[in-house]
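Okay, structure first, notes after.
Throughout, protein chains are lettered first and strands after them, A, B, ... in sequence-line order, and every chain is numbered starting at 1. Since we're looking at a predicted model, the values are computed, not measured.
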There are 2 protein chains.
Amino acid sequence: MEKIDIPKRTVYRLSLYQRCLQKFLEQSVDTVSSDDLASAAGVKSTQLRKDLGYVGQFGTRGLGYSVETLSAAISGVMGLSMLQPVVLIGVGNLGAALIRYGGFRKEGFEIIAAFDAEPSNVKGPTEEMGVPVHHVSSLGDYVAEHAVRVGIVAVPESAGQEVTNILVESGIQAILNFSPAVLNVPEAVVVNHVDLAAELGSLGFFVN
Amino acid sequence: MEKIDIPKRTVYRLSLYQRCLQKFLEQSVDTVSSDDLASAAGVKSTQLRKDLGYVGQFGTRGLGYSVETLSAAISGVMGLSMLQPVVLIGVGNLGAALIRYGGFRKEGFEIIAAFDAEPSNVKGPTEEMGVPVHHVSSLGDYVAEHAVRVGIVAVPESAGQEVTNILVESGIQAILNFSPAVLNVPEAVVVNHVDLAAELGSLGFFVN
DNA sequence: GAACAATTGAGAGAAATTTCGCAATTCATC
DNA sequence: GATGAATTGCGAAATTTCTCTCAATTGTTC
């Protein structure tokens, strides 16, 4: 497929654009210019057009883009046409917050199961959100059985690689990693690393 | 000051290096090569050396870097020599998780107060972590009075810009933004945007 | 103290990403 | 149906970021 040659940055921004389009859709806007959409997403319009250029041609010169068409096109490329099941590993503070956080569903993802080393310590999410919390020992089988392609890792650093190995062996294709650990994965597996401490830490440089 | 011309990416990685150095320090390692440190941080050694080159010269050819010296040097540049007070706005799922999350303190940051539109709905964090939760109406005064330089925004999108304006007017210098909103700030204020939904959303592209 | 192995530091080169510039196209108006 | 304003799409230029290469330096061994 031609997917491979879209820059990672562009892919990330496509998902921003998608969210903005959704918002326009809710407001019954049916046409946007690259300027409108770009400023909603916080980027320059030239960048937006370049990004969309990787995907195809959807605009009408002089007019702009049809919100609906563009949104559908991006959905297609991003593989968001149907709900993508996701597992989450590590139901600590952050993991539990992510389960309760509704924002993922709108992006086309649904956390269908959570795993923890001590599921009995976990109470909230199961009842609140209907997400069952299993023992981490069943992770591999679950992922393989349900053909889950995306995993969210929210375990402590020490367990990060171990959990990742299980996921990889069971056929995971993409990981969103919230642990501070640097995860070692085969090339075919994509990891997005969200390092909260580093994000905050790097702000230190800019103050004073 | 000479700070301005270090690339943002490099600044981010410096904070990774710092954390790795801390770990080496705990293990009583006192010298590391660029290869050792780079692989701990998940980057190439040439990149590490280039990054450190922005800060100064700390290594000894043939030997490597003194963990202690390098760590101190990075701390100096990153302004982490003393604990940096931080306010957090929006004590929902994510905000509460961030308060409970201990990892920030190690990076030299301490959440000294939290703010919410409905502080009475918030229970956990105040008692657990000793972080008081105030009404958002007192945010501006608090920030100004305590000369807080860094803020964490974890409010819903609709409130993002409003809260940001208050922070900016009160003299904030850096913001870690977890809301989906694109925050408009003057040039002097730095924003790090952590967009959870977009991070997960962009993974959709890479699966299947 | 000479030869060797290890490792940094920095300039040059390569690659990736962003921005610019402008022709091409479309719609609305006269 | 010609003129003008708006706006895309894309190649080219500029910028930023990363990687390579290699001389310079240090400690170690014989």
Side-chain angles (χ1 to χ4, degrees), chain A residues 2-17 20-21 24 29-71 73-74 77 182 190 193 202 205, chain B residues 2-17 20-21 24 29-71 73-74 77 182 190 193 202 205:
Chain A
E2 19 64 66
K3 284 194 167 192
I4 26 176
D5 44 3
I6 301 185
K8 222 178 169 185
R9 294 280 188 75
T10 294
V11 170
Y12 176 85
R13 281 189 300 263
L14 284 174
S15 109
L16 295 184
Y17 303 152
C20 295
L21 287 168
F24 281 125
V29 177
D30 44 40
T31 297
V32 286
S33 68
S34 57
D35 255 332
D36 296 341
L37 183 52
S39 73
V43 304
K44 300 204 171 160
S45 65
T46 53
Q47 172 122 75
L48 168 70
R49 292 203 298 274
K50 171 68 76 177
D51 285 339
L52 295 182
Y54 287 107
V55 179
Q57 290 182 210
F58 308 105
T60 308
R61 299 180 185 202
L63 238 198
Y65 302 88
S66 147
V67 173
E68 207 173 322
T69 307
L70 186 55
S71 166
I74 295 180
V77 177
V182 174
V190 178
H193 192 177
S202 70
F205 177 78
Chain B
E2 19 64 66
K3 284 194 167 191
I4 26 177
D5 44 3
I6 301 186
K8 221 177 170 185
R9 295 277 189 78
T10 293
V11 170
Y12 176 84
R13 283 190 299 264
L14 285 173
S15 111
L16 295 183
Y17 303 153
C20 295
L21 287 168
F24 281 124
V29 179
D30 43 43
T31 297
V32 287
S33 68
S34 57
D35 255 332
D36 296 341
L37 183 52
S39 71
V43 303
K44 300 208 171 156
S45 65
T46 51
Q47 172 120 75
L48 167 70
R49 292 204 296 277
K50 170 70 71 180
D51 285 339
L52 295 181
Y54 287 107
V55 179
Q57 292 182 209
F58 308 105
T60 309
R61 297 180 185 205
L63 239 197
Y65 301 87
S66 149
V67 173
E68 207 175 321
T69 307
L70 185 54
S71 166
I74 295 180
V77 177
V182 174
V190 178
H193 192 177
S202 70
F205 177 78

Rounded to whole Å, please give me the gap between [atom1] in [X] and [atom2] in [N].
X	N	atom1	atom2	answer
A:Asp36	D:dA6	CG	P	13 Å
B:Leu70	C:dT7	CG	C1'	14 Å
B:Asp35	D:dC20	CG	C1'	14 Å
A:Asp5	C:dT17	CG	P	12 Å
A:Lys8	C:dA15	NZ	C1'	17 Å
A:Tyr65	D:dA6	OH	P	17 Å
B:Leu52	C:dA10	CG	C1'	13 Å

Rounded distance [0.5 Å steps], [atom1] in [X] versus [atom2] in [Y]:
X	Y	atom1	atom2	value
B:Leu14	B:Leu48	CG	CG	9.0 Å
B:Leu21	B:Glu68	CG	CD	11.0 Å
A:Tyr65	A:Asp36	OH	CG	11.0 Å

DNA chain D: A:Lys50 or A:Thr60, which has the more 5' nearest nucleotide? A:Thr60
Of B:Asp51 and A:Val32, the one whose closest DNA chain D nucleotide lies more 5': A:Val32
At under 4.0 Å, does any side-chain N or O of [X] touch on OP1 or OP2 of [N]?
X	N	value
B:Tyr54	D:dC18	no
B:Arg61	C:dA10	no
B:Ser34	C:dT8	yes

List in chain and number order the residues that pass salt bridge (charged side-chain N to carboxylate O under 4.0 Å, His left out) with B:Arg13, two or more places apart in sequence or in another chain; answer none if no residue qualifies. B:Asp51
Pairwise side-chain contact, [X] with [Y], heavy-atom cut-off 4.5 Å (strictly under):
X	Y	result
A:Leu52	A:Leu70	yes
A:Phe24	A:Ser71	no
B:Phe58	B:Ile74	no

So what is the end-to-end bend of the helix from C:dG1-D:dC30 to C:dC30-D:dG1, with 5 pairs used at each end and the value given to 10 degrees? 0°
So if I take every side-chain heavy atom of [X] and compare against [options], which nucleotide ends up nearest?
X	options	answer
A:Leu63	C:dT17, C:dC27, D:dC10	C:dC27
A:Arg49	D:dC10, C:dG11, C:dT8	D:dC10
B:Arg13	C:dT18, D:dC18, C:dT8	D:dC18

Minimal non-hydrogen separation, [X] against [Y], with atom names:
X	Y	value
B:Leu63	B:Thr31	O-CG2, 3.8 Å
B:Cys20	B:Leu37	CB-CD1, 3.6 Å
B:Val77	A:Phe205	O-CD1, 3.4 Å

Need one value for A:Gly59: base, sugar-phosphate or nothing, where a base atom within 4.0 Å counts as base even if backbone is also close, heavy atoms only. sugar-phosphate
Scan A:Gly53 against the nucleic acid and name what it touches under 4.0 Å (heavy atoms): base, sugar-phosphate only, or nothing. nothing
Tell me which residues in residues 38-48 of chain B put a heavy atom below 4.0 Å from DNA chain D, sorted by number, or none. B:Lys44, B:Thr46, B:Gln47
